[in-house]
There are 2 protein chains.
Amino acid sequence: MAPRTERRADALSKAKIVEAAIAILDADGEAALTFRALAARLSTGAGAIYWHVADKNDLLAAAADDIVAQVMAKIPAEAEPRAAIRAMALNVFEAVDAHPWVGAQFFRDPSRPAALRILEGVGRQLHALGVPEAAQFDTATALVSYILGVAGQNAANARQARESGRTDRSAFLGEIADRWAALDPEQHPFVRRMAAQLRDHGDRAQFLAGVDLILAGAASLIG
Amino acid sequence: MAPRTERRADALSKAKIVEAAIAILDADGEAALTFRALAARLSTGAGAIYWHVADKNDLLAAAADDIVAQVMAKIPAEAEPRAAIRAMALNVFEAVDAHPWVGAQFFRDPSRPAALRILEGVGRQLHALGVPEAAQFDTATALVSYILGVAGQNAANARQARESGRTDRSAFLGEIADRWAALDPEQHPFVRRMAAQLRDHGDRAQFLAGVDLILAGAASLIG
DNA sequence: AATAGATTGGAACATCGTTCCATAAACAGC
DNA sequence: GCTGTTTATGGAACGATGTTCCAATCTATT
């Protein structure tokens, strides 16, 4: 199975392929990851890649799992549960911010090991926090759904910003805010009113406010 | 602009195209929607469709917006705010359950008018509920992110179930639960323990529990 | 050295979104 | 009613992609 000696110094392997895929995804975005581009970067043929990787979904899942695993491992074991959950959430948020393609992968077809990893980390802390056994499942999945939801929306924004050539975040936000402010006051009074807050809101603060909201709700379940 | 007379009885139009696209998406899934299949169903050529629709993203966005608009309009105006939010959330949940491709569209590139519609509905009710002005933005986006997150995860499950040929929900859930139960107790103690609850949990109850959790958190902000 | 199996690289295939263009139908001015 | 222009149609063609196939090469074992 595992070869004892390397074929050559830069032999192909799933790890090497995933590494190259991540480099392409980060540098040029999701659309740039093709088997041809990958083969060129690895100085091989497209067919050779299929010896190590089932298909493109397998490759994307492995790449996303790689990043999420790194990020979830960074939580200090001795952290207080509430702080640990906030840290995990923020880590995922920032990972998706840095690698928007990971956000899309959370909602793609197969087993989604990355999402499982987050559920495990969050659930363990809820247990430590004293959330009743019966409510742990609902609370953990709620937190994970929220985290993935924000991550997915952020990733969609980042992809849109890249395609429209916008590198300046505040300028990009300003454009959306302008669009919100221009909405029909009859049909969208609320969103229209929120345009100002959107313009200069902090991503991370807003995200953590949501986490705290759910944790506050969970606190009401603890006798 | 708008033609006074029809070209012929079954003239092409964006509405007709979107209607046909929804029919294909619902019947055979997201992968089955191609411009060729669409052209065949409409008895025309692929090129003609581009006269009414910018590209495939435009088509998918219009289709998803169509479904979400229908669903958000079904909320009785006189409903109590908390009940209205729960009803909107449940409507979106069930719409994505019935049309899994809508869930994927929430996280695709451009303007995402469907997500805006939900934000507007939720925000208006939070205002009526008495959530402080300063917290309305964070609370509304948290709720929407949660709703979209669950919807996206559900859609991914539904797609996976379709592809694996599983039509029986409880059998499909059982398979995932088996996989959870077989996880390494060292690495995934929490998820492993939740396998039993996953097996016979109610989608909708779990989803609404999350909504209630966020609403409970929001309640703590009301003086 | 010879054989078998593992691995490679690139050509070939089917399919997709999209563009292009040669028409045809509806309308406008006369 | 004729003519030119705009609006709309349908199908052929283009370029790119994921995937499959296969002949050639490398490694380990006999």
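Residue numbers begin at 1 in each chain, while the letters A, B, ... track the order of the sequences. Treat the numbers as computed from the prediction; the structure is a model and nothing was measured.
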For Leu33(B), which contact category applies under a 4.0 Å heavy-atom criterion: base, sugar-phosphate, or nothing? sugar-phosphate

Atom CZ of Arg36(A) and atom C1' of dG10(C) are separated, to the nearest Å, by 10 Å

Find the distance Ile17(A):CD1 to dT7(C):C1' and express it as a whole number of Å. 11 Å

Using side-chain heavy atoms (C-beta onward) and a distance below 4.5 Å, is Asp203(A) in contact with Phe93(A)? yes

Arg192(A) and Glu120(B) ion-paired at < 4.0 Å: no

How many Å lie between NZ on Lys56(A) and P on dT20(D), as a whole number? 15 Å

Check each residue of residues 45-53 of chain A for a non-hydrogen atom within less than 4.0 Å of any atom in DNA chain D, then write out the ones that pass by number, or none. Gly47(A), Tyr50(A)

Do the side chains of Arg108(B) and Glu30(A) get close enough for a salt bridge, i.e. N-O under 4.0 angstrom? no

Check: Gln206(A)/Thr141(B) side-chain N/O donor and acceptor closer than 3.5 Å: yes

Starting at atom CG of Leu38(B), determine the distance to atom P of dG11(D), rounded to an integer number of angstrom. 14 Å

Grab the CG-P distance between Leu12(B) and dA25(C) for me, whole Å please. 16 Å

Is there a ring pair (Phe, Tyr, Trp, His ring centres under 6.0 Å) between Phe107(B) and Phe106(A)? Walk through the geometry before answering. CA-CA 10 Å; Phe107(B) 299 95; Phe106(A) 286 145; 9.9 Å; no

With the side chain defined as heavy atoms from C-beta on, Phe35(B) is closest, among dT8(C), dG18(D), dT18(C), to dT18(C)

Round to a whole Å and report the spacing from CG of Asn57(B) to C1' of dT18(C). 13 Å

Can you check the Ile24(B) CD1 to dG17(C) P distance for me, whole Å? 11 Å

Starting at atom CG of Leu42(A), determine the distance to atom P of dG10(C), rounded to an integer number of angstrom. 13 Å

Check Gln105(B), Gln70(B), Arg117(B) against Asp65(B) for a side-chain hydrogen bond (donor to acceptor under 3.5 Å, both in side chains) and give me the one that passes. Arg117(B)

